Protein chains: 2
Amino acid sequence: MNRVNYSSSESLGEQIANVLRLRIVSKESTPGTKISENQIAKEFETSRSPVRDALKILSNEGLIRLERMGAVVLGLNSTDLLELYEVRYLIETFAIKRLMENYKEDLIISLVKIIDKMDICGKHGDYKEFSELDFLFHETLIKGIEHNRINHLWNSMSKVVKSVILITTEKRFQGRVEEYRYVIKTHRQMIDVIKTRDVKHIDKVLKEHFNDGHLSIKNLL
Amino acid sequence: MNRVNYSSSESLGEQIANVLRLRIVSKESTPGTKISENQIAKEFETSRSPVRDALKILSNEGLIRLERMGAVVLGLNSTDLLELYEVRYLIETFAIKRLMENYKEDLIISLVKIIDKMDICGKHGDYKEFSELDFLFHETLIKGIEHNRINHLWNSMSKVVKSVILITTEKRFQGRVEEYRYVIKTHRQMIDVIKTRDVKHIDKVLKEHFNDGHLSIKNLL
DNA sequence: CGAGGGTTAGTTGTCGACAAGTATACAACT
DNA sequence: AGTTGTATACTTGTCGACAACTAACCCTCG
């Protein structure tokens with residue numbers, strides 16, 4: 001029986017990759033675990049073709065390593081998370097500098113709207129929606145500069161970032177719920193930096209934001 | 001007949017990707033061209049499986065776009081090249097700053113050795129080897145910081161960079177052969193910056209180097 | 001001549017099978 | 001016992017086939 005499901009826009013491979021990604025990032029799959037295509041195919045009741053796609057996606061994201069026989073889970077240790085934040089810092093600093101030179105008012109409006117929604121979700125304790133908005137904020141910022149190459153870099157890591165944000169936010173909300181205010185504050189600061197063209201404060205604001213993100217996840221895990 | 005060729009370490013998919021990549025970067029395949037898996041499979045006398053792999057690789061590199069029916073060649077226009085150089089500048093600036101804080105003497109030795117080899121190739125007019133060494137220089141620099149995430153970013157664009165360098169170098173050598181001296185000079189400057197920890201000159205040296213690369217290719221095409 | 005509907009060739013996603021290579025367990029031998 | 005060789009089970013890379021879907025063409029009708 002061939003199963004073709006066009007009702008869902010994502011191919012089976014991407015769906016499988018999504019499930020496995022969350023497993024790896026959430027440490028449900030521990031680093032070092034060996035996985036084979038057959039084994040995954042059996043679990044998801046598909047053939048090996050979509051599984052191969054999925055493994056290739058995860059390999060590109062750096063979550064697993066494809067070896068001659070079987071793939072091995074790499075996962076994200078503390079160093080990896082730091083590095084992820086460093087690269088995000090690098091890219092978003094670039095983006096903000098570029099936006100300062102030249103931005104469309106629409107973009108700022110979109111960003112403010114996202115923050116406002118985050119505020120509401122924060123008050124309701126809806127961490128899931130909050131984390132998606134957080135992700136969307138940064139993605140909107142990056143897509144805003146319309147830089148093809150940066151776009152590709154972002155696409156190759158965005159799914160990982162999204163997963164990390166989701167998990168971080170969840171843990172944060174389990175602790176002191178009011179912490180979300182800090183995230184919102186730094187986001188507003190980022191917009192201010194763009195609008196006021198305050199070059200001197202870019203590094204300070206962004207470093208603070210990413211440092212906080214990294215530290216909080218490090219403490220929580 | 002199943003053809004499995006383990007004598008070459010690269011899978012058929014990667015090999016096909018290599019051929020197509022060069023075609024696209026060298027503008028033998030013009031942007032907008034539609035390509036189908038069957039067509040490529042027929043050309044390379046393989047099944048669609050390796051071709052699918054190849055197309056996915058090229059898609060990740062941003063050279064083609066996968067659509068519902070058929071992929072379309074994107075190629076690298078003048079803007080794309082500028083953006084590529086911008087991202088390289090971003091990454092290598094990061095790398096050099098990190099190396100300044102902490103580098104192993106071995107690395108510097110390797111880099112110097114590469115430059116010396118480039119010098120010899122330059123004198124012999126061996127542009128092919130020269131371009132590979134040029135690429136190797138930058139790759140060695142980036143791998144030197146042992147930063148997993150940066151590594152992945154680099155891997156996702158390195159093949160494209162390599163192709164661009166190859167073509168640029170070829171055209172350069174067709175013009176005034178002596179131009180290679182300038183490339184070598186800036187490379188030596190980069191090493192000096194690392195060794196002398198001369199923070200102030202990083203941006204200047206790198207900007208000069210990448211600006212030159214971008215300008216020269218723009219003029220030549 | 002133009003518009004609409006059906007046919008048809010072509011496209012991708014998925015499947016199961018096979019070939020080639022690899023690691024492991026187990027037996028035979030020194 | 002330790003080493004070597006072989007059988008065997010498991011792995012990936014590739015193949016050809018099929019189902020779902022899309023686009024283009026042609027034919028009919030107004």
Side-chain angles (χ1 to χ4, degrees), chain A residues 1-21 24 29-74 155 159, chain B residues 1-21 23-24 29 31-74 155 159:
Chain A
M1 169 190 51
N2 284 355
R3 64 178 61 213
V4 180
N5 183 0
Y6 285 93
S7 59
S8 147
S9 63
E10 277 183 327
S11 77
L12 255 178
E14 296 176 61
Q15 294 177 42
I16 294 175
N18 289 339
V19 174
L20 294 183
R21 184 184 304 108
I24 295 175
S29 292
T30 56
T33 307
K34 291 238 173 184
I35 49 186
S36 86
E37 297 177 358
N38 282 317
Q39 163 204 341
I40 305 289
K42 207 172 283 177
E43 178 185 342
F44 287 89
E45 293 179 320
T46 66
S47 79
R48 276 174 48 225
S49 307
V51 175
R52 281 175 75 75
D53 292 346
L55 294 189
K56 225 164 252 169
I57 291 173
L58 297 177
S59 163
N60 281 332
E61 293 174 351
L63 296 177
I64 68 175
R65 184 178 52 228
L66 300 178
E67 298 189 336
R68 291 227 161 262
M69 300 208 45
V72 54
V73 174
L74 294 178
N155 289 339
K159 294 281 182 83
Chain B
M1 168 190 51
N2 283 356
R3 64 178 62 215
V4 181
N5 182 359
Y6 286 94
S7 59
S8 148
S9 63
E10 278 183 326
S11 77
L12 255 178
E14 296 176 63
Q15 294 178 41
I16 295 175
N18 289 340
V19 175
L20 295 183
R21 183 184 304 108
R23 257 186 224 171
I24 295 175
S29 293
T33 308
K34 292 239 171 184
I35 49 186
S36 86
E37 297 177 358
N38 282 318
Q39 162 203 341
I40 305 289
K42 208 172 283 177
E43 179 185 341
F44 287 88
E45 293 179 321
T46 66
S47 78
R48 276 174 48 224
S49 307
V51 175
R52 282 176 74 77
D53 292 347
L55 294 188
K56 226 165 250 168
I57 291 173
L58 297 178
S59 164
N60 281 332
E61 294 174 351
L63 295 177
I64 67 175
R65 184 178 52 228
L66 299 178
E67 299 189 337
R68 289 230 162 259
M69 304 215 32
V72 54
V73 173
L74 294 178
N155 289 339
K159 294 281 183 84

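A, B, ... follow the sequence lines: proteins, then strands. Residue 1 opens every chain. Please read these numbers as outputs of a predicted model, since none were measured by experiment.
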Exercise. Would you find a donor on one side and an acceptor on the other, under 3.5 Å apart, between the side chain of B/Glu67 and the backbone of B/Val72?
Worked result: no
Problem set entry | Minimum heavy-atom distance B/Leu58-B/Ala17, with the two atoms named | CD2-O, 3.7 Å
Seminar exercise, completed: Rounded to whole Å, CZ of A/Phe44 lies from P of C/dC15 at a distance of 13 Å
Exercise. Does any residue of residues 53-64 of chain A have a heavy atom under 4.0 Å from DNA chain D, and if so, which ones, in number order?
Worked result: none
Exercise. In whole Å, what is the span from the CG atom of B/Leu66 to the C1' atom of C/dT12?
Worked result: 11 Å
Exercise. Under 4.0 Å between a Lys/Arg side-chain N and an Asp/Glu carboxylate O for B/Glu61 and B/Arg21?
Worked result: yes
For this session: Starting from C1' on D/dG16, measure out to CD on B/Glu45 and report it in whole angstrom.
Result: 16 Å
Problem set entry | Pairwise distance CD(B/Gln15) to CG(B/Asp53) - rounded to 0.5 angstrom | 12.0 Å
For this session: Whole angstrom is fine here: how far is it from CG in B/Leu12 over to P in D/dT12?
Result: 18 Å
Exercise. What are the two closest heavy atoms between A/Ala54 and A/Gly13, and how far apart are they?
Worked result: CB-O, 3.3 Å
For this session: Using the test side chain to side chain donor-acceptor pair (under 3.5 Å), find all partners of B/Gln39 that sit at least two apart in sequence or belong to another chain.
Result: none
Seminar exercise, completed: When rounded to whole Å, the NZ to C1' distance for the pair B/Lys34 and D/dA23 reads 10 Å
What pairs of nitrogen or oxygen atoms, one from the protein and one from nucleotides 8-11 of chain C, lie under 3.5 Å apart?
{"residue": "C/dT11", "atom": "OP1", "partner": "B/Ser36", "partner atom": "OG", "Å": "3.4"}
{"residue": "C/dT11", "atom": "O3'", "partner": "B/Gly70", "partner atom": "N", "Å": "3.4"}

Problem set entry | Among C/dG13, C/dC15, C/dA17, the one nearest A/Arg48 by side-chain distance | C/dA17
Exercise. Quick one: on DNA chain D, does A/Ser49 or A/Glu67 contact a more 5' nucleotide (nearest heavy atom)?
Worked result: A/Glu67
For this session: Could you check how far NZ of A/Lys42 sits from C1' of D/dT12, rounded to whole Å?
Result: 16 Å
Exercise. Which pair of heavy atoms, one from A/Leu74 and one from A/Gly62, lies closest together, and at what distance?
Worked result: CD1-O, 3.8 Å
Exercise. Given side chains that start at C-beta, do those of A/Val19 and A/Phe44 come closer than 4.5 Å, heavy atoms only?
Worked result: yes
Exercise. Which heavy atom in A/Val51 sits nearest to a heavy atom in A/Glu37, and how many Å separate them?
Worked result: CG1-O, 3.8 Å
Exercise. Roughly, in whole Å, what's the span from CZ in A/Arg52 to P in D/dT14?
Worked result: 7 Å
